[in-house]
Amino acid sequence: MNASSPFDILAFDFGGTRARCGLVARDGTLGPARILKRPESDDGPQWLERMLNEGRWLLKESAAPPKALGVSFGGPVDNAGHIFSMHVPGWESIDLRRRMQEAFGLPVHVDNDANLGGLGEQRFGAGKDTRNLAYFTVSTGVGGGAVLNGKVYRGTHGVAAEFGHIAVRPFDPGAPACDCGKRGCVESLASGRAIAREAKRVRAEAGLPELAGLGADQVFAAAGRGEAWALETRATAVAALAHGVASVLCVLDLPVVVLGGGVAQAGELLFGPLRTKVEEALPVVLRGRAQIRQAALGDYSSLLGAAAMAMDALA
Ligand SMILES: [Zn+2]
């Protein structure tokens, strides 16, 4: 361990299928860390206890104890710190903050993974040069976070920046239904799941054979080769995402929008057409102003954002 940068923070990141924990220094350096895949038999409480043990194991490796905990959770977190999970049973019964405090005897700060992904990118990643950005995480679903003046903007009820549920075609009965209860959201048109579903539909309509395990990565690769079915599928997703990005820019006039998550790993095959469409969707006064960037921290945006949140509370 580097004596000039002690690992002041123990950070956790609970996703739907994986969780991470790690010791983090104030400059964002990630020290010893663990990643675990959730056994399917684990409910929320069992999964939490397993990760607490991983955290205890990390502390044994650490020369000096951390000063605080930062926790990222892959579901809504209200302003009282209550958590909700649509994917893993049992989380709702847990007072996550209190359980963590009991386990480690340290101050604990909890927020949603997309909010913290944005904070992580702003502090240590693709948005280091600005204090204001919007973050979209595009993977199975579409999450969002708004960082304003270097802080996560949580809104009145803790559910600000739900960019995945910006309405693109809410009144179109033909638009796909969304998990949030309406239809035609950014998420139901541009998430990894939505792209796979649309690709299947477009291929069937074109009389092409079904592809086993067809996912967004294959769609972008095929679009790069100029295949018509993939270009059409990509255009639907890009239009929805551009609508979302432009809507956020219209509200907040931000200098930077960062996109992370598995779908954003398509790189220029996504960002190229997206930048063009965002410009089209913006009023003239906002065109050419914001930069749209790929996330720089990979799978660690939220973990490092959780650490940044805990550090801010110590300062
Ligand atoms: Zn929705």
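One-based numbering, in listed order, for ligands and for the atoms of each.
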(request) Give the ring-plane orientation class for Phe14 versus Trp47, where under 30° counts as parallel, over 60° as perpendicular and anything between as tilted. (result) perpendicular
(request) Please assess Asn79 against Thr156 for the test side-chain contact (heavy atoms from CB on, under 4.5 Å), listing each intermediate value before the final yes or no. (result) CA-CA 8 Å; Asn79 282 335; Thr156 307; 5.9 Å; no
(message) My understanding is that a hydrophobic cluster links ILVMFWY residues whose side chain heavy atoms are under 4.5 Å apart, including indirect links. Using that, what else belongs to the cluster containing Phe171?
(response) none
(message) Starting from Leu133 and following side-chain heavy-atom contacts under 4.5 Å between hydrophobic residues (I, L, V, M, F, W, Y), which residues can be reached?
(response) Leu116, Leu119, Tyr135, Val147, Val152, Val256, Val258, Met309
(message) So, at under 2.8 Å, which protein N, O or S atoms would a careful student list around the Zn ion (ligand 1)?
(response) His165 ND1, Cys178 SG, Cys180 SG, Cys185 SG
(request) Give the minimum heavy-atom separation between Glu121 and Leu297, together with the two atoms involved. (result) OE2-N, 3.0 Å
Residues 237-255, side-chain donor-acceptor partners within the protein, below 3.5 Å, at least two apart:
| residue | atom | partner | partner atom | Å |
| --- | --- | --- | --- | --- |
| His243 | NE2 | Ala167 | O | 3.1 |
| Ser247 | OG | His243 | O | 2.6 |

